Amino acid sequence: MDLNERFERALEKVQKAPRYTGGEMNTTVKEWDRCPLHFGFCFPDTYEIGMSHLGLKILYGLINRESWSLCERFFMPWTDMIALMKEEELPLLSMESRRPMNAFDVVGFTLQYEMSYSNILAMLEMGGIPLESRDRGENDPIVVAGGPCAFNPEPLADFIDAFMIGDGEDVMTELNRVILERKEKGLSREECLKNLAKLEGVYVPSLYQVTYHEDGTIASVKPTCPEAPASVKKRVVTDLNHTYYPEEFPVPYTEVVFDRIMLEIMRGCTRGCRFCQAGILYRPVRERSLEKLIDLAEKLQASTGYEEISLSSLSSGDYSCLPELIRELMRRMKEKRVSISLPSLRIDSVLKESLEETQQVRKTSLTFAPEAGTQRMRDVINKGVTEEDLLEKVRDAFEGGWSSVKLYFMSGLPTETTEDLDGIADLARKVVAEYFNVPKPQRAKGLRVTVSTSVFVPKPFTPFQWAAQDTIETVLKKQEHLKQVLNIRGVTFHWHEPYVSFLEACFARGDRRIGAVLKKAYEMGCILDGWNETFRFDKWMDAFRECGLDPAFYANRERTKDELLPWDHIDSGVTKQFLWHEKEKSDRTETTKDCRKGCNGCGLQRWKGVCAYANAGSV
Amino acid sequence: MRMLAVFEKGERIRHIGHLDIQRSVQRGLRRSGLPVAYSNGFNPHILVTFASALSTGACGKREIMDVTMEEDVSEQEFMEKMNRAMPPEMQLSEARAVDRKHSSLPPMLRAARYDLLIREEKYAARLIDAIPSMMARETIPAMRKTKTALKECDIKPLIFELNGEGKHLYATLVLTERESCKPGMLMEALCREANITEEVRVLITREALLGENEEGKLVPLETL
């Protein structure tokens, strides 16, 4: 029986078959033989997650736009499909032309979170590609990866041939050209990898040697050939107005997580929150112009038919002409019945005026992220938000007819005490009080305050990259305490299980050796670790034991200033010196100003013309 | 005016459920830029209804949408704009402008014609052979799924026509708002008649939706 028929048979039995069938509006099926370069875009999680991802839409459009390259999508199948694929002896097939992964010249994984790493191994194996780089032959695809987690590529060094560091749309076409050259000239895999290493922003881990001290820390990371640079600089798109942005998005038939137009209004953030990795990785801040955004919104609305536009960025409230943008979008979208939503609303930046404008369309719940319960703790993490700010915005919201507020906090931040935890409850209580302060006839019914705490995970390229994560026991104790103090009328408390966060911490700051744990855990059956129903913490711990590695070494150990960190040979633009300086200020509970108020000298000023707020004079 | 448009639900997307098909048509209409009418209220939606919901897993050759227009447009313009706006698996083959007062389609629906492709040839011949003896029976019991339970019913009066050739069965079955014979019910009864206990894989295509004309003949619903 041929492949297609076996696939059809699996589809008849599987749950949620539309995850696997493709054919969505605005997807592109190019003629295979007419395109010399075949790129398989792999999202290492389910269809519903992957199709919500903006990066996929950008790169999918970008690669398909070139006449000489085509891009097809792969997603992680759910467990029932995996079982059916085994039964039918089916490989993982692309969504477009239903070809197996190993028929492509290059397969690219996007690394959005550490807990998707086991899915990468699963997809490679189902795709008929050897798991480890060193086992791949001349006929196997080149396996690449990019995205935020690529900034610490070391845990995946055994499995990924080349990493793209920084803005993907900046390097994608160059990378594809090098791989096309391999195909046309019949270059060996090794030659091709060396050519890739010559591209700015590309890191080929097999061209580096890592040595270790006896205590397990890193002694050196050195290139083993002249093509590989000692330090790999991230790629930066300097002008968002002149870089590629798709004018059409694929529109899934079924509902996905973000089923709407995502309008990226800017990239980067100037706030400098010390726990935030994205805030460093996506520096510098770059805005799209109002005119460009209006134009994109209209084109995307016409090509997708979506009912909703969300403004996407790390800190949309900081966009310099936000009220004008919202007003103009609303004016133009009103008769098309398109609503505008602001997802990452920062409490200190959105004007009351624009708050009033959003409710004209829909009154959903408002989300605030004070992150910590006391001013001291907020100063430690440089979250430049005061209690007065928050309460004022909450008051405005309640007066404006909202009755549902979500508050996000982190627990386990460096120097956190019981007082800081109690502060979370105090703040929640004050938010409730603000609601009851609004005269009854004026306020909306049904107060709902949701408090969510996540477990702090120290990340590379942040001032907390040296910090220890709380042990699981400590986290559990703190959560127990929070549960007690947050027993407040009108308040619902949600918390994250510490086990996933612990593992996330291990891989976020992992070195090359931890790749063996990943492989072992995968062999023991760990996949889809981002999902409660499939996450198996005990197996992960078994894998660590079998590999002779201690997870606490990665998660719960405080690093010293002079320790060579596994990602030190990647240059994010922000210097290690600046991050250390920030860590010291944090220790002294000192805050750092927003870059828009003056250059803090994070390191990007070294790269000419990259950051609009850079002051070449700063150190 | 209202536009009755005949569209396809292609084989590739046959696992898409009715709600998702509805949403895809809504979005297609929004993309088309056609002057469609919206409902009032907090979450306005386009006034579009469907003659009949098609089951998940089944293809449709001539499904019918019924779109209320804010302004009049020609049938040709409707077709052109919609076919640019709809994915390849959901193209329109016909459109017919009717008055706003034209009766709504679901109450006019009488039957549907199906093409049932038997995937494995060995079963097809046995099933076709079993048709005459099954149809000769006084009653043909089958299980009907209701929202809460399985109920036994007699499908003999619900079969207008049934024959077969090669790997295909062709059936015209009652489909109204009150009662209907689903292709699955027919397959169950026919398999029993043919003494087939294994699961028979079948690709269901609804070929046409039928209503009754003045002479009492079954004709395509969109022509009434």
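Letters A, B, ... are given to chains in the order of the sequence lines, protein chains preceding strands, and every chain is numbered from 1. Because the structure is predicted, anything quoted here is derived from the model rather than measured.
No part of A:R19 comes within reach of chain B, as not one of its non-hydrogen atoms sits under 4.5 angstrom from that chain. Contact annotation for A:D259: both backbone and side-chain heavy atoms come within less than 4.5 Å of a heavy atom of chain B. Using a 4.5 Å cut-off between heavy atoms, A:Y306 contacts chain B through both its backbone and its side chain. A:T304 touches chain B through its backbone: at least one of N, CA, C or O sits under 4.5 Å from a heavy atom, while the side chain does not. Heavy atoms of B:R12 lying under 4.5 Å from chain A belong to its backbone as well as its side chain. Looking at A:T254, the atoms closer than 4.5 Å to chain B (heavy atoms on both sides) sit in the backbone and in the side chain alike.
Across A:Y253 and B:I16, no two heavy atoms sit closer than the pair CB-CD1, 3.4 Å.
A salt bridge links B:R14 with A:E8; the closest basic N to acidic carboxylate O contact falls under 4.0 Å. We find that B:R27 and A:E307 are joined by a salt bridge, their nearest charged nitrogen and carboxylate oxygen being less than 4.0 Å apart. Salt-bridge formation is detected for the pair A:E12/B:R119: a Lys NZ or Arg NE/NH1/NH2 atom is positioned less than 4.0 Å from an Asp or Glu carboxylate oxygen. Under a 4.0 Å N-O distance rule, the pair B:R23/A:E255 qualifies as a salt bridge.
Of residues 72-98 of chain B, those residues lying under 4.5 Å from chain A by any heavy-atom pair are B:R84, B:A85, B:M86, B:P87, B:E89, B:M90.
In this structure the side chain of A:M25 reaches within 4.5 angstrom of the side chain of B:R31, judged on heavy atoms.
The cationic atom of A:R337 (NZ for Lys, CZ for Arg) lies less than 6.0 Å from the six-membered ring centre of B:Y38 and within 45° of the ring axis.
Side chain of B:R30 to backbone of A:K336: a donor-acceptor contact under 3.5 angstrom is found.
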